[in-house]
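The structure appears right after this line, and notes come after that.
Just so you know, residue 1 is the first one in the sequence shown, and it goes up from there. One-based numbering, in listed order, for ligands and for the atoms of each.
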Amino acid sequence: MSHISVLLDETISFLEVKDNGVYLDATCGRGGHTEAIVKKLSTGKVIVFDLDVVAIEEAKKRLAPYLDKLIFVHDNYASLKKHCEDYGIQQLDGFVFDLGVSSPQFDDPSRGFSYRYDTPLDMRMDQNQPFSAYHLVNEYPLDRLTKVIRDYGEDPFAYPIAKRIIAARMSAPITTTGQLVDIIKSALPSRILHQKGHPAKQTFQAIRIEVNQELASVEKAVSDACALLKVGCRGCVITFHSLEDRIVKDIFKQLSTPPKTNRRLPQQIIDIQYQLINKKPLTPSEEELTQNPRSHSAKLRVIERIRGTMYGNDQESQENQTV
Ligand SMILES: C[S@@+](CC[C@H](N)C(=O)[O-])C[C@H]1O[C@@H](n2cnc3c(N)ncnc32)[C@H](O)[C@@H]1O
């Protein structure tokens, strides 16, 4: 099973990879972005994260010629700060987040991510995590289920869908994606069922986001990665739906906008530490969309650190970085 890396050339070109640099790929997947970075390194390193143990194993095979330049971490990217510290990485020359689910995760029926197959309800990115879609669908109370489907699926039929799920599980647990699809369909009006796109798409997205706590992890990890960037270096984030894109947009905006000051108080000079490289996110070209239709909702946002703080991000500490 393979994965076509999205916005690959654009991301690598924004990163302006230095051969002795230290990079973070927060979402290894099949290692496409990692490979494009590591190929450009001589003495540099890439620290690579994934929650999915299969992704890490497959990427290790693909990246076998470069293993001496790679640090693999099987953990949530939300803990990247701690792992970077453990490996003596104080600053980064660049980072990439290519968020969401990989094609192999969607295309492996046993992972239970897709409404296209009838398989056990799962949707865990991390196979060691006990909590899965099965637990969410069979244990969440009505109000919590409705909120998940409304907030993360942006589905106007969240309440009727949640009510049908609760009713269905009274007789027996809901165990498969096929059962869940039928329940969702039974809650939707026929005009929605006949619209373009799968009727279970939004609910499946919502459940997947909740099971993997995707949004909370993104917020923490992207903020931490930005804090680790060296001056003159860039971070790239590729998002695939509006909820995660909004989080990234807000973090980048906050970092690159001067705080409002009180005009009545003596004015201070405020140095903004970051700037946006592209005011509007970059989207895939027509050519990429034709070759990889799954890239259709991708958006790439890029930020650059333009100044350090007085506390350890100054030029001296950058030069003293250890790896
Ligand atoms: C879109 S894929 C990355 C594909 C990769 N850039 C490539 O070119 O092959 C996203 C990957 O991020 C991983 N992932 C998602 N959320 C994560 C998290 N919170 N921590 C670590 N990895 C995560 C998924 O398991 C998946 O393998």
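For the pair Leu7/Glu288, a side-chain contact is recorded, criterion being any heavy-atom separation below 4.5 Å from C-beta on. Residues Tyr77 and Leu24 fail the side-chain proximity criterion, which asks for heavy atoms closer than 4.5 Å. By the 4.5 Å heavy-atom criterion applied to side chains, Met125 and Val101 are counted as neighbours. With contacts defined as side-chain heavy-atom distances shorter than 4.5 Å, the pair Pro173/Tyr134 qualifies.
Nearest non-hydrogen protein atom to atom 19 (N) of ligand 1 is Asn76 OD1, 2.9 Å. Summary of contacts: the protein heavy atom closest to atom 4 (C) of ligand 1 is Asp98 OD2, 3.3 Å. At the top of the distance list for atom 22 (N) of ligand 1, counting protein heavy atoms only, stands Leu51 N, 3.2 Å. Counting only heavy atoms of the protein, atom 20 (N) of ligand 1 lies nearest to Tyr77 N, 2.9 Å. Looking at atom 16 (N) of ligand 1, its nearest protein heavy atom turns out to be Met125 SD, 3.4 Å.
Close approach of ligand 1 to His3 (heavy-atom distance below 4.0 Å) involves ligand atoms 1 (C), 4 (C), 7 (C), 8 (O), 9 (O). Close approach to Leu99 involves these atoms of ligand 1, each under 4.0 Å from a residue heavy atom: 1 (C).
A donor-acceptor contact shorter than 3.5 Å is absent between the side chain of Thr146 and the backbone of Tyr159.
Ligand 1 lies out of reach of Val218, whose nearest heavy atom is not under 4.0 Å from it. The closest approach between any non-hydrogen atom of Gln105 and ligand 1 is below 4.0 Å.
By the 3.5 Å distance cut-off applied to N or O atoms, Gly31 is counted among the residues near ligand 1. Residue Ser5 has at least one nitrogen or oxygen atom sitting less than 3.5 Å from a nitrogen or oxygen atom of ligand 1, judged on distance alone. Taking distance alone, with nitrogen or oxygen atoms compared against 3.5 Å, His33 approaches ligand 1 more closely than that limit. For ligand 1, one of its N or O atoms has an N or O atom of Gly32 under 3.5 Å away.
The heavy atom nearest to atom 24 (C) of ligand 1, out of those in Asn212, Asp50, Val48, Asp52, is found in Asp50. One option in Gly100, Ser2, Cys28, Ser102 has a heavy atom closer to atom 5 (C) of ligand 1 than any other, and that option is Cys28.
Only backbone heavy atoms of Asp75 (N, CA, C or O) come within less than 4.0 Å of ligand 1; its side chain stays farther off. Using a 4.0 Å cut-off between heavy atoms, Val101 contacts ligand 1 through its backbone alone, with no side-chain atom that close.
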Apply the test salt bridge (Lys or Arg N to Asp or Glu O under 4.0 Å) to residues Lys249 and Asp245: give CA-CA distance (whole Å), side-chain angles for both, the deciding distance (0.1 Å), then the verdict. CA-CA 6 Å; Lys249 183 180 168 188; Asp245 186 56; over 6 Å; no
Verdict with supporting geometry, Ile161 and Leu188, side-chain contact (heavy atoms from CB on, under 4.5 Å): CA-CA 7 Å; Ile161 293 171; Leu188 297 174; 4.0 Å; yes
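For the residue pair Glu210/Tyr140, the side-chain donor-acceptor check at 3.5 Å is satisfied.
Linking ILVMFWY side-chain heavy atoms closer than 4.5 Å, directly or via other members, places Leu255 and Val96 in two distinct hydrophobic clusters. Residues Leu215 and Val248 share a single hydrophobic cluster, defined by chaining ILVMFWY side chains whose heavy atoms lie under 4.5 Å apart.
Applying the 6.0 Å contact sphere to NZ of Lys220 captures more than 12 heavy atoms from other residues, nucleotides or ligands.
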